[in-house]
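Step one of this worksheet: look at the structure below.
Scope of the values below: all heavy atoms of this structure, side chains included, with no hydrogens, waters or symmetry mates. The chains referred to below are lettered A, B, ... by the order of the sequence lines, with proteins before strands, and numbering in each begins at 1.
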Number of protein chains: 2
Amino acid sequence: MLFFAYRDFTSEPDALLAGQGFGRAHHRVIYFVGRHPGMTVSELLGILRITKQSLARVLRELVDQGFVAQAPGERDKRQRRLSLTSKGLAFERALTERQLTRIAKAYAAAGPQAVEGFRKTLLAITDDPSLGRKGMS
Amino acid sequence: MLFFAYRDFTSEPDALLAGQGFGRAHHRVIYFVGRHPGMTVSELLGILRITKQSLARVLRELVDQGFVAQAPGERDKRQRRLSLTSKGLAFERALTERQLTRIAKAYAAAGPQAVEGFRKTLLAITDDPSLGRKGMS
DNA sequence: CTTTTATGTCAGTCATGTTGACATTTTGCC
DNA sequence: GGCAAAATGTCAACATGACTGACATAAAAG
């Protein structure tokens with residue numbers, strides 16, 4: 001069930017992303033950078049749990065095409081704090097819109113209590129539920 | 001959240017599979033064949049929604065190594081009805097065991113009502129909820 | 001007898017992950 | 001001041017699992 005839900009949940013954004021030559025990996029970066037503006041590369045690596053080489057490719061494309069901006073950290077100039085450009089923000093909203101529609105439909109079909117149970121159970125399945133505190137999806 | 005839960009949910013079976021030189025794709029085949037013994041290749045393709053070329057590689061490895069058996073259909077001899085061998089069944093149980101433990105933990109943490117809401121909401125998120133009637137996960 | 005169906009197979013490509021090695025800039029500590 | 005450690009970037013090679021397109025075979029269906 002998780003497999004099907006995840007596949008269908010990502011299918012609409014995937015189509016949009018493909019139009020830009022992007023994939024699901026780009027979506028994840030856009031998503032997390034959008035929710036944590038100013039985050040560092042290593043924070044992002046920690047969340048995604050992938051290698052920096054994997055991230056680098058995706059991130060470079062997003063920066064090159066003007067979806068994500070990098071700025072040296074104030075206190076620590078080694079860091080590259082990441083944020084979405086206005087172009088990136090617009091794109092993120094377009095991606096999320098589809099998923100919100102889907103969630104809304106699920107909410108309508110299953111009811112608020114079911115959705116609350118859904119959240120709770122998803123968090124319990126996940127190894128590190130500390131990530132779930134800020135409205136991630 | 002779906003992303004994290006799916007990743008963590010599959011992490012333990014993934015480790016087991018890697019020991020046999022298998023991947024997540026093999027797990028899905030073993031899972032569905034185990035739940036629908038005697039299913040045909042095209043039924044499996046329909047469920048997984050991948051191309052036959054993608055399936056072929058995975059299926060061939062599973063058959064070659066004696067996890068899955070093929071038998072010509074009785075009425076239609078073109079078909080190859082798929083089923084797990086005893087070796088395949090034992091492996092499937094080993095894989096599922098880990099996930100059941102995780103589900104049990106989630107059940108304990110979130111409560112039965114939450115888990116029921118979880119099921120309901122997952123089905124509502126999925127495009128074709130007809131798949132969810134037989135205790136799939 | 002011809003077409004369609006179920007399946008298999010060859011060959012090439014793409015997206016996303018991996019390891020390992022090495023470079024650059026900046027920070028922090030003795 | 002100097003040097004190790006940290007944050008990041010980059011090159012190269014490789015694995016997995018998806019894709020497309022083309023073609024082959026056996027059996028069923030008309």
Side-chain angles (χ1 to χ4, degrees), chain A residues 3 6-8 10-11 13-33 38-65 68-83, chain B residues 3 6-7 10-11 13-33 38-64 68-83:
Chain A
F3 169 63
Y6 185 62
R7 183 182 61 187
D8 292 343
T10 53
S11 66
D14 282 354
L16 252 186
L17 288 155
Q20 304 277 331
F22 291 159
R24 217 173 273 181
H26 300 83
H27 189 183
R28 290 200 281 264
V29 170
I30 288 178
Y31 179 85
F32 287 113
V33 171
M39 78 188 307
T40 66
V41 171
S42 36
E43 283 166 359
L44 187 52
L45 284 174
I47 288 179
L48 297 174
R49 283 201 236 151
I50 57 177
T51 58
K52 61 179 176 178
Q53 295 92 330
S54 299
L55 178 58
R57 215 172 9 204
V58 171
L59 193 52
R60 187 160 17 90
E61 288 168 1
L62 288 171
V63 171
D64 286 352
Q65 298 188 37
V68 171
Q70 290 176 321
E74 292 187 9
R75 251 195 10 240
D76 187 338
K77 290 178 195 163
R78 287 171 306 180
Q79 299 175 338
R80 305 294 167 89
R81 328 245 13 171
L82 305 171
S83 57
Chain B
F3 168 64
Y6 185 62
R7 182 182 63 186
T10 53
S11 66
D14 282 354
L16 252 187
L17 289 154
Q20 303 278 331
F22 292 159
R24 218 172 273 182
H26 301 81
H27 188 183
R28 291 199 281 265
V29 170
I30 288 177
Y31 179 84
F32 286 113
V33 172
M39 78 188 307
T40 67
V41 171
S42 36
E43 284 166 357
L44 187 52
L45 284 174
I47 289 179
L48 297 175
R49 283 200 235 152
I50 58 175
T51 58
K52 61 178 177 178
Q53 295 91 330
S54 298
L55 177 58
R57 214 174 8 205
V58 171
L59 194 51
R60 188 159 17 89
E61 288 168 0
L62 288 171
V63 170
D64 285 353
V68 171
Q70 289 176 320
E74 291 186 10
R75 250 195 11 240
D76 186 338
K77 290 178 194 164
R78 288 172 305 181
Q79 299 175 340
R80 305 296 168 87
R81 328 243 15 170
L82 305 171
S83 57

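Which of dG8(C), dG9(D), dA7(D) sits closest to the side chain of K52(B) comes down to dG8(C). Closest contact between the side chain of R78(B) and the listed nucleotides dT7(C), dT5(C), dC19(D) involves dT5(C). The side chain of R80(B) approaches dT7(C) more closely than any other nucleotide in the set dA28(D), dT18(C), dT7(C). For A25(A), counting side-chain heavy atoms from C-beta on, the closest listed nucleotide (dA18(D), dT7(C), dT16(C)) is dT16(C). Closest to the side chain of K77(B), out of dA27(D), dT27(C), dT10(D), is dA27(D). For Q53(A), counting side-chain heavy atoms from C-beta on, the closest listed nucleotide (dG20(C), dA18(D), dG8(C)) is dG20(C).
A straight line from CZ of F22(A) to C1' of dT16(C) spans 15 Å, rounded to a whole angstrom. Rounded to an integer number of Å, the gap from M39(B) CE to dT7(C) P is 10 Å. Rounding to whole angstrom units, CZ of residue R57(B) and C1' of dT20(D) are separated by 13 Å. Atom CG in L62(A) sits about 13 Å away from atom P in dG9(D), given to the nearest Å. One interatomic measurement links the two molecules: CG of L55(B) to P of dC19(D), which rounds to 10 Å at whole-angstrom precision. R60(B) places its CZ atom 16 Å from the P atom of dT7(C), with the value rounded to the nearest Å. Distance, R49(A) CZ to dT18(C) P: 11 Å, rounded to whole Å. Rounded to an integer number of Å, the gap from CD of E61(B) to P of dG8(C) is 14 Å.
At a threshold of 4.0 angstrom between heavy atoms, the contacts of E43(A) with the nucleic acid are absent. Residue R28(A) is in sugar-phosphate contact alone, with no base atom involved, counting any heavy-atom pair closer than 4.0 Å across all strands shown.
What you find for V41(A) and L55(A) is that their closest heavy atoms are CG1-CD2, 4.1 Å. For the pair S83(B) and G38(B), the tightest heavy-atom approach, listed with the atom from each and the gap, is CB-N, 4.3 Å. Nearest approach of Q79(B) to R81(B), heavy atoms of both residues: OE1-NH1, 3.2 Å.
Taking 4.0 angstrom as the limit, R24(A) places none of its side-chain polar atoms (N or O) nearer than this to OP1 or OP2 of dG17(C). Between H26(B) and dT16(D), a side-chain N or O to OP1/OP2 separation shorter than 4.0 Å is absent. Contact annotation: Q70(B) side-chain N/O to dG8(C) OP1/OP2 distance is under 4.0 Å. Considering only side-chain N and O atoms, T51(A) lies nowhere under 4.0 angstrom from the phosphate OP1 or OP2 of dG17(C). For dA6(C), the OP1/OP2 oxygens have no side-chain nitrogen or oxygen of S42(B) closer than 4.0 Å.
In terms of modelled atom types and a separation under 3.5 Å, the side chain of R24(B) and the main chain of L17(B) share no donor-acceptor contact.
With the nearest nucleotide of DNA chain C identified for both R75(A) and T40(B), T40(B) has the one nearer the 5' end. Map I50(A) and D76(B) each onto its nearest nucleotide of DNA chain C; the residue landing nearer the 5' end is D76(B).
A cation-pi arrangement, defined by a distance under 6.0 Å to the six-membered ring centre and an angle within 45 degrees of its axis, is present between R7(A) and F3(A).
The aromatic rings of H27(B) and Y31(B) stand perpendicular to each other, their planes meeting at an angle above 60°, with 30° marking the opposite boundary.
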